[in-house]
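Note that the structure is a prediction, hence the values are computed from the model and not measured.
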Amino acid sequence: MSGTRGKYVPPAIDQSAFNCPHCEALAKQYWFSVHAEPLRRDDLPTRIMEDDVKKAKIDQITDVREREKVRTWFNKMATHRPFLDREQKTVDFRLYNLSVSHCFNCSDVALWIDDRLMWPRRGEAPLPNLDLPDELRADYDEASTILDLSPRGTAALLRLTIQKLCMHLGEKGKNLDDDIASLVGKGLDARVQKALDVVRVIGNNSVHPGQIDLRDDRATAEKLFGLVNLIADIMITQPKHIDEMFQELPEGARKAIEKRDKE
């Protein structure tokens, strides 16, 4: 999947297609109303742990289809994630303002209370560049979830994200200013250098006394997400796409280019 995106449609209760909060693809979403079925007296909610799957003796079920159906159910329960059980027919009453969206692309579900996405928890920042390494995307997502609560915390996390990005690009990661200077010495695009310094300076000032106070400045913190994605696009995604296209050239053409460059 490419690290660049076209149209972005944020998840919303009044949309039948949006960027899935799980797989991030712009995809059709199927909506489900939620019903509640009462448990028998003194019963407690079902919660399956990984050890329960091992103890279930699923392999002893002789009917192949039934065995796979039970195995699938246990595996889904053991993930501790919400999922749809479409074979459950018995319902008792409808729960209003509680809804489930089901993604056509990844088949995962999201839980909504009224118009608020409750699970998975995501902030309102733009989705991260898909080519960001997993560790950096985790920091980016964490920054997104606290955008409203703490713009200062968001800025600090995004500064950490670009420090790790510099390490991913081969720098030492001990001092972000030194890493940026090193990248500049290697021919870093001036646009990227400015974007890195913006995130660096604002991130520093968010946790140290300075002239920038992000205590109530959500708008500035929000703009930093766009800069992080810009940096990732220029430094990771674009070179990746160029390398992929170069490798698709005929082998003879590639060898001729390599010979030319050595002369």
Side-chain angles (χ1 to χ4, degrees), residues 1-11 17-27 103-106 108 120 122-147 154-173 176-203 219-251 253-254 257-258 261:
M1 184 178 290
S2 170
T4 58
R5 294 182 176 84
K7 182 181 179 181
Y8 172 67
V9 179
F18 49 72
N19 285 82
C20 173
H22 290 287
C23 69
E24 302 178 354
L26 177 55
C103 177
F104 173 80
N105 185 61
C106 69
D108 218 331
R122 286 199 63 91
E124 297 182 8
L127 293 173
N129 182 298
L130 290 177
D131 289 321
L132 277 174
D134 290 342
E135 182 183 1
L136 277 67
R137 291 184 66 188
D139 291 334
Y140 184 106
D141 286 338
E142 182 179 351
S144 177
T145 61
I146 64 171
L147 177 57
T154 292
L157 277 170
L158 291 178
R159 183 199 178 282
L160 175 64
T161 301
I162 65 164
Q163 185 162 3
K164 291 181 179 180
L165 178 57
C166 287
M167 294 175 63
H168 177 74
L169 296 173
E171 300 305 322
K172 296 179 180 179
L176 183 53
D177 198 19
D178 291 344
D179 287 346
I180 296 173
S182 175
L183 289 170
V184 169
K186 297 174 183 177
L188 180 68
D189 188 308
R191 298 171 299 169
V192 179
Q193 175 259 309
K194 290 180 180 178
L196 286 169
D197 277 323
V198 168
V199 181
R200 175 183 65 84
V201 171
I202 294 179
T220 296
E222 188 173 5
K223 292 176 183 177
L224 298 181
F225 289 99
L227 291 182
V228 171
N229 279 335
L230 172 67
I231 294 165
D233 183 65
I234 295 177
M235 299 299 292
I236 300 178
T237 302
Q238 292 183 22
K240 171 186 170 184
H241 288 174
I242 293 171
D243 287 342
E244 289 174 350
M245 293 186 69
F246 183 81
Q247 292 303 317
E248 291 174 358
L249 293 175
E251 183 179 1
R254 284 189 279 112
I257 293 171
E258 293 171 1
D261 292 342

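Interatomic distance, SG of Cys103 versus CG of Asp108, reported as 8.0 Å (0.5 Å rounding). Taking CD1 of Ile257 as the reference point, atom CG of Leu249 lies at 5.5 Å (rounded to 0.5 Å). Between the OG1 atom in Thr220 and the CD1 atom in Ile202 there is a gap of 6.0 Å [rounded to 0.5 Å]. Atom CG of Asp177 and atom CD of Gln163 lie 11.0 Å apart (nearest 0.5 Å). The CG atom of Asp139 sits 12.5 Å away from the OG atom of Ser144 when rounded to the nearest 0.5 Å. If you take NZ on Lys240 and CD1 on Ile242, they are separated by 13.0 Å, rounding to the nearest 0.5 Å.
When the side chain to side chain contact (heavy atoms under 4.5 Å, CB included) test is applied to Glu251, the partners found at least two apart in sequence or on another chain are Arg254, Lys255. Remark: Asp197 engages Arg200 in a salt bridge (Lys or Arg N to Asp or Glu O under 4.0 Å) (not counting sequence neighbours). The side chain to side chain contact (heavy atoms under 4.5 Å, CB included) search around Asp189 returns Arg191, Val192, not counting sequence neighbours. Every residue meeting the side chain to side chain contact (heavy atoms under 4.5 Å, CB included) condition with Glu135, not counting sequence neighbours, appears here in chain and number order: Lys164. Qualifying side-chain hydrogen bond (donor to acceptor under 3.5 Å, both in side chains) partners for Gln238, counting only residues two or more places apart in sequence or in other chains: Asp233. Considering only residues two or more places apart in sequence or on other chains, Ala143 meets the side chain to side chain contact (heavy atoms under 4.5 Å, CB included) condition with Thr154, Leu157, Leu158, Phe225.
Minimum interatomic distance between Glu24 and Leu130 (heavy atoms only, all atoms of both residues): OE1-CD2, 3.0 Å. Residue Leu176 comes nearest to Arg159 through the heavy atom pair CB-NH2, 3.6 Å, listed as atom of the first residue, atom of the second, then distance. For Leu26 against Ala17, the heavy-atom pair with the smallest separation is CD1-C, 4.4 Å.
At most 12 non-hydrogen atoms from other residues, nucleotides or ligands lie less than 6.0 angstrom from CZ of Phe104.
Using a cutoff of 4.0 Å between basic side-chain nitrogens and carboxylate oxygens, Arg137 and Glu142 are not scored as salt-bridged.
With a 4.5 Å cut-off on side-chain heavy atoms, Asn129 and Thr237 count as touching. Annotation: side chain of Asp179 is not in contact with side chain of Leu196 (no heavy-atom distance under 4.5 Å).
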Stepwise side-chain hydrogen bond (donor to acceptor under 3.5 Å, both in side chains) test for Asn229 and Tyr140: CA-CA 10 Å; Asn229 279 335; Tyr140 184 106; 3.1 Å; yes
Side chain to side chain contact (heavy atoms under 4.5 Å, CB included) evaluation trace for Asp141 with Thr145: CA-CA 6 Å; Asp141 286 338; Thr145 61; 5.6 Å; no
List the atom pairs, with distances to 0.1 Å, where a side-chain N or O of residues 165-173 and a protein N or O form a donor-acceptor pair under 3.5 Å, not counting sequence neighbours.
{"residue": "Glu171", "atom": "OE1", "partner": "Ser182", "partner atom": "OG", "Å": "2.7"}
{"residue": "Glu171", "atom": "OE2", "partner": "Ser182", "partner atom": "OG", "Å": "3.4"}
{"residue": "Glu171", "atom": "OE2", "partner": "Lys186", "partner atom": "NZ", "Å": "2.7"}

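Counting only distance, with no hydrogens or angles, the side chain of Asp131 and the backbone of Ile236 share no donor-acceptor pair below 3.5 Å.
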